[in-house]
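Only a predicted model underlies this, so the values are computations on that prediction, with no experimental measurement involved.
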Amino acid sequence: MQTLGDFILQEIEPILQDWEVFALSLVPDAGLDSATLRDHAKEILLAVASDMSQPQSLQQQTNKGKGTGAGMPAITQASQSHAVSRMVQEFSFDQLIAEFRAIRASVLRKWAASNPEPAKGRIEELTRFNEAIDEALAASMGYYSEKLEEARTIILGVLAHDLRNPLNAVGISAQVILHCEPLDPRAAQAAVRSLNSVSRMKVLVQDLLDYTLTRLGDGLPIIRREGTLEPVVKSVIDEVEAAHPGRKINFVGSCDTQGQWDQTRMAQMLSNLLMNALIHGYEDTAVIVEIFEANEGITIEIRNKGEPIPKEIRSTMFEPLTSTRRALSGAASTSGLGLGLYIAAQIATAHQGHVKLSSSEEEGTIFSVSLPRVPRLSSTSK
């Protein structure tokens, strides 16, 4: 009886015709020609047939069945190339998966029709064919997701970068209006609102740029300089309190804060954590900021009294594009981005530190930032 691998090679043109017809049904109005619809289908099928013709030990069979065996480079390369082409051609993720499901069905249906009688070895061939198609599908899906994420990240970075100039223009215009005399009270109020909105937008734009850096590079860049951290902490507290009239932030300093810090980044981290504490803490209680000595470095604790954070969402609190408020109540977050805690954690990591979270009814919610005073020798930070 003809093997399935040989059958694929012999009947490759009818199989490719099926692939082409199905691909066209997915995007009937795209105006794609035959070669584009077939894309890398021939390369994938030839790689699958070649894989099936190779001898395979029992251990290799077991590993491949579990998805832990070494894949075939030709299958991976052709499938990844196909994923990129389909993304450019605006095929959806589901449509990409559907193509592999359809080609699997087409091959097996045609082979069954040509071999109506069961024969020894057929099950093994079916298994190997399915494993090869699964390998191709996994490679294609993984690469599609990776490239789509990269594209989105680049778009966010370009968008954030290009937003800065018009924002600066709006801010300068509002300042000019405020210095005009005489100035109508309503115009003054509108100019102040514009300046506040510009300040808020600049924070969001910076968050997007920082997110882009972490997704496309090796983390947030920092520039360490010798200095004392306590004045930075107090300055950030004053700024955040000014932005939230009626709210109180108490500072407790019990250790020397001399070290090598990127003070701008540290201020950004503290501002994000304090804003989060004020938003989610009870309005009639103060947020506490305390710095103390710990493990040859320092720890900064930010505590607020509020509804405890459920255990099931704590593990996702520092993931990007995850809003704390949305996670807690289903409402929209104040920033709309959900990047504040993620960036705070990235800044701590860039300083070779880390952020921990605890939350209970008795103690409230505590974000603990542990930082070494100086970079370790293995660090690549500046």
Side-chain angles (χ1 to χ4, degrees), residues 203 206-207 209-243 248-278 280-281 286-304 309 314-315 317-320 324 339-360 363-382:
V203 172
Q206 187 60 53
D207 281 352
L209 288 172
D210 288 342
Y211 172 72
T212 303
L213 285 172
T214 62
R215 304 300 283 186
L216 295 179
D218 297 322
L220 284 179
I222 65 170
I223 301 176
R224 292 179 181 266
R225 290 190 174 90
E226 191 72 28
T228 303
L229 200 55
E230 185 171 326
V232 177
V233 177
K234 291 181 177 179
S235 176
V236 172
I237 288 174
D238 290 342
E239 291 176 6
V240 175
E241 279 187 331
K248 185 64 178 174
I249 302 174
N250 295 331
F251 174 69
V252 180
S254 59
C255 75
D256 174 35
T257 59
Q258 190 72 21
Q260 294 180 19
W261 324 105
D262 184 323
Q263 295 195 353
T264 301
R265 288 293 190 188
M266 292 298 295
Q268 183 184 6
M269 179 190 73
L270 291 165
S271 178
N272 287 350
L273 293 174
L274 283 174
M275 293 287 285
N276 183 77
L278 287 177
H280 300 292
V287 171
I288 308 297
V289 180
E290 183 176 2
I291 303 179
F292 53 87
E293 195 85 29
N295 299 324
E296 299 182 356
I298 65 169
T299 292
I300 306 171
E301 280 194 355
I302 295 162
R303 304 192 296 269
N304 71 277
I309 299 172
R314 292 179 197 172
S315 61
M317 293 288 286
F318 298 103
E319 292 181 3
T324 309
L339 290 172
L341 294 180
Y342 170 74
I343 291 172
Q346 290 296 311
I347 292 171
T349 299
H351 282 82
Q352 297 185 326
H354 60 270
V355 184
K356 289 185 177 180
L357 165 65
S358 64
S359 188
S360 66
E363 296 185 355
T365 295
I366 304 173
F367 285 89
S368 300
V369 185
S370 297
L371 303 164
R373 292 181 184 273
V374 296
R376 302 183 186 94
L377 293 179
S378 59
S379 172
T380 57
S381 299
K382 298 177 183 179

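Counting heavy atoms from C-beta on, the side chains of Thr264 and Ile223 never come closer than 4.5 Å. Using a 4.5 Å cut-off on side-chain heavy atoms (C-beta onward), Arg225 and Gln263 make no contact. Considering only heavy atoms from C-beta on, Ile249 stays 4.5 Å or farther from Ile288 through its side chain. Under the 4.5 Å side-chain criterion, counting only non-hydrogen atoms from C-beta, Ile291 is in contact with Phe251.
Here the CG-CG distance, from Asp256 to Leu229, works out to 10.5 Å after rounding to the nearest 0.5 Å. Taking CD1 of Ile366 as the start and NZ of Lys356 as the end, the distance is 12.5 Å to the nearest 0.5 Å. We find the CD1-CD distance between Ile347 and Gln268 to be 4.0 Å, quoted to the nearest 0.5 Å. In this structure, the separation between CG on Asn272 and CE on Met275 is 8.5 Å, given to the nearest 0.5 Å. The CG atom of Leu220 sits 12.0 Å away from atom CE of Met269, with the distance rounded to the nearest 0.5 Å. Atom-to-atom distance recorded for Gln346:CD and Ile222:CD1 is 11.5 Å, nearest 0.5 angstrom.
For Glu293, the side chain to side chain contact (heavy atoms under 4.5 Å, CB included) test picks out Cys255, Arg373, with sequence neighbours left out. Remark: Ser370 engages Thr299 in a side-chain hydrogen bond (donor to acceptor under 3.5 Å, both in side chains) (not counting sequence neighbours). Every residue meeting the side chain to side chain contact (heavy atoms under 4.5 Å, CB included) condition with Arg314, not counting sequence neighbours, appears here in chain and number order: Ile309, Lys311, Leu357, Ser359. Partners of Glu226 under the side chain to side chain contact (heavy atoms under 4.5 Å, CB included) rule, at least two apart in sequence or in another chain, are Gln258, Gln260. Legend: residues meeting salt bridge (Lys or Arg N to Asp or Glu O under 4.0 Å) with Lys234, ordered by chain and number and at least two apart, are Glu230. Applying the salt bridge (Lys or Arg N to Asp or Glu O under 4.0 Å) test to Glu363 and every residue at least two apart in sequence or in another chain returns nothing. Contacts of Ala277 classified as side chain to side chain contact (heavy atoms under 4.5 Å, CB included), with partners at least two apart in sequence or in another chain: Val287, Ile302, Asn304. Partners of Glu239 under the salt bridge (Lys or Arg N to Asp or Glu O under 4.0 Å) rule, at least two apart in sequence or in another chain, do not exist in this structure.
Under the salt bridge (charged side-chain N to carboxylate O under 4.0 Å, His left out) criterion, the residue pairs touching residues 257-274 are Asp210-Arg265, with sequence neighbours excluded.
Scanning both residues, Ala348 and Val369, for their nearest heavy atoms gives CB-CG1, 4.1 Å. Scanning all heavy atoms of the two residues, the minimum distance from Thr228 to Val232 falls at O-CG2, 4.2 Å. Nearest approach of Phe318 to Tyr342, heavy atoms of both residues: O-CD1, 3.2 Å.
No donor-acceptor pair closer than 3.5 Å links the side chain of Ser271 to the backbone N or O of Ala267.
Using cut-offs of 30° and 60° on the angle between ring planes, the pair Trp261 and His351 is tilted.
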